[in-house]
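These notes are about the structure you will find just below.
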Protein chains: 2
Amino acid sequence: MINDSQLVNRAFRGDFEPALIEEINRVGIYQEVEEGDYLIRPGSYIRSVPIILSGSVKIMRADAGGNEALLYYLSGLDSCAMSMTGGPANKPSEITAVAEEKTRLIFIPLEKVDEWICRFPTWKQFVFRTYQRRFDDMIATIDSIAFQKLDERLLTYLKKKTQSCQCTVLQVTHEEIAREMATSREVISRLLKQLERVGYLRLSRNKIEIL
Amino acid sequence: MINDSQLVNRAFRGDFEPALIEEINRVGIYQEVEEGDYLIRPGSYIRSVPIILSGSVKIMRADAGGNEALLYYLSGLDSCAMSMTGGPANKPSEITAVAEEKTRLIFIPLEKVDEWICRFPTWKQFVFRTYQRRFDDMIATIDSIAFQKLDERLLTYLKKKTQSCQCTVLQVTHEEIAREMATSREVISRLLKQLERVGYLRLSRNKIEIL
DNA sequence: CTTTTTCCGTGATATATGTCACACAGACGC
DNA sequence: GCGTCTGTGTGACATATATCACGGAAAAAG
């Protein structure tokens, strides 16, 4: 149950019908997480579905060997399709979700996600739009990995990242970028340096400023 | 309307309730396609959702520059999640679907797909299981492209392909494999030759026999 | 059968990316 | 201040993959 009903109201008014908003107020769980907090870890079971109110969350794939690949970002009023499907079938999660910044979200219990589909048309629409978006994101990711060279991929990476956090200064290390792109730190450092020489950005320790 | 009601009956008995099977008989459209036939082309709008009864279908991503990437295969009682979401939102398709062999399928009109979700529990389950499977497939694809080297990827490619067509002799040219893996023919030829030397397969013109 | 087309094999070479080794510089504790 | 981390820059080199340039072989067309 969410105490501050205005919060939910403001967030969903226009998207969801009043009865649904009321329901969300009743069974949803509001939570604030800090940058770096994990929402989902591989292997864990999912019992509720997050909807992001503000902030952004990074969804990654990590294999056993410590490799990582960025799948997509979630931000305003987005939700995680993976947890909608992964949940009901009761399979452990294949992915990792980490907050990119201070993020406010609401968790909806799985059985409600399912139940509401038939009770509230706008919810059904929401669920399917979420699937659609995530499919598009995944396809974009595959495009990028399969067709682009590293320098182009780095550019798309930076673009997506600035989009999701709505800012031009990224607090991130080369090492971290390298991990998310499944390559090595040196390569990223070199490519970034190149982009700096071209005037696309400015580098300093732990910081990349897009120009 | 499908004349041979036994056909649908046999295919779905056990998975769907009788009332749903009857509905499928009433509004579904049965079709047989040959190897190489296109079911969906990029840019086209989708008005019905295919369910594969037998045979197999290859789902690919193709970008403007003639590059291609294999996303996944569909076979027995699978369906295409992409067309479930892509349809309702009325967006043109981002993908290509080609029959890998002679394939029998049933097309369900989009509005029915949506309507049945709330009317038939087994249908809802079917739709969500389909989403889940396709997500898993996409993740496997990303894993493969991002983490594996070409020789490993080629192996997974061959494995998936034999799985989907249920046979050990693949009728395919090196050129075609190369296109689907977004690399060049020579590279594939070399790697295949290597696999032959190791005794994993036998090569001849237009044919790869897995051992 | 002869010609033509399509597919395959392979060396040589180019380019992109990965790896190693190490220097240096800013942050941070003490 | 000083030492200790952690992050960054860079050359040299290793490897994987892409490209070019062929020749030959099997199938298809004539």
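Throughout, protein chains are lettered first and strands after them, A, B, ... in sequence-line order, and every chain is numbered starting at 1. Since the structure is predicted, the reported quantities are computational estimates derived from the model, not experimental observations.
- Atom P of nucleotide C/dG18 and atom CZ of A/Arg179 are separated by 16 Å, given to the nearest angstrom.
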Please report, to 0.1 Å, the donor-acceptor pairs under 3.5 Å made by any side chain of residues 92-99 of chain B, with sequence neighbours excluded.
from, atom 1, to, atom 2, distance (Å)
B/Ser93, OG, B/Ile95, N, 3.0
B/Ser93, OG, B/Ile95, O, 2.9

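- Between the C1' atom of D/dT8 and the CD1 atom of A/Ile208 lies a distance of 11 Å, rounded to the nearest Å.
- With sequence neighbours excluded, the residues forming a side-chain hydrogen bond (donor to acceptor under 3.5 Å, both in side chains) with B/Arg104 are B/Tyr30, B/Ser54, listed by chain and number.
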What's touching nucleotides 3-9 of chain C from the protein side, N or O pairs under 3.5 Å?
from, atom 1, to, atom 2, distance (Å)
C/dT6, O2, B/Arg205, NH1, 3.3
C/dT6, O2, B/Arg205, NH2, 2.7
C/dC7, O4', B/Arg205, NH2, 3.4
C/dC8, OP1, B/Asn206, N, 3.0
C/dC8, OP2, B/His174, N, 2.9
C/dG9, OP1, B/Lys193, NZ, 3.1
C/dG9, N7, B/Arg185, NH1, 2.9
C/dG9, O6, B/Arg185, NH2, 2.9

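- B/Thr103 and B/Gly55 get closest at one heavy-atom pair: OG1-CA, 3.6 Å.
- Terminal axes of the helix from C/dC1-D/dG30 to C/dC30-D/dG1 (five pairs each, C1' rotation axis) are separated by 30°, to the nearest 10°.
- Residues passing the side-chain hydrogen bond (donor to acceptor under 3.5 Å, both in side chains) test with A/Trp116, sequence neighbours excluded: A/Glu23.
- Remark: B/Glu186 pairs with B/Ser184, B/Arg190 by the side-chain contact (heavy atoms from CB on, under 4.5 Å) rule, at least two apart or across chains.
- Remark: B/Ser56 engages B/Glu101 in a side-chain hydrogen bond (donor to acceptor under 3.5 Å, both in side chains) (not counting sequence neighbours).
- Taking B/Phe126 as the reference, B/Phe16, B/Trp123 meet the ring-ring contact (aromatic ring centres under 6.0 Å, His included) condition, with sequence neighbours excluded.
- B/Ile188 places its CD1 atom 15 Å from the C1' atom of D/dT19, with the value rounded to the nearest Å.
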Show me the side-chain donor-acceptor pairs of residues 62-77 of chain A shorter than 3.5 Å, one per line, residues at least two apart or across chains.
from, atom 1, to, atom 2, distance (Å)
A/Asp63, OD1, A/Gly65, N, 3.0
A/Asp63, OD1, A/Gly66, N, 3.4
A/Asp63, OD1, A/Asn67, N, 3.0
A/Asp63, OD2, A/Asn67, ND2, 3.2

Taking distance alone, no hydrogens or angles, what donor-acceptor pairs closer than 3.5 Å link side-chain atoms of residues 155-164 of chain B to residues at least two apart or in another chain?
from, atom 1, to, atom 2, distance (Å)
B/Thr156, OG1, B/Gln148, OE1, 3.2
B/Thr156, OG1, B/Glu152, O, 2.8
B/Thr156, OG1, B/Arg153, O, 2.9
B/Tyr157, OH, B/Lys161, NZ, 3.2
B/Tyr157, OH, B/Glu180, OE1, 2.8
B/Lys161, NZ, B/Glu100, OE1, 3.4
B/Thr162, OG1, B/Leu158, O, 3.0
B/Thr162, OG1, B/Lys159, O, 2.7

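- Residues passing the side-chain hydrogen bond (donor to acceptor under 3.5 Å, both in side chains) test with B/Arg133 are B/Asp78, sequence neighbours excluded.
- At D/dT17, none of the side-chain N or O atoms of B/Ser184 fall inside 4.0 Å of OP1 or OP2 (strictly under the cut-off).
- The stretch residues 140-155 of chain A touches DNA chain C through A/Lys149, A/Leu150, each having a heavy atom under 4.0 angstrom from the strand.
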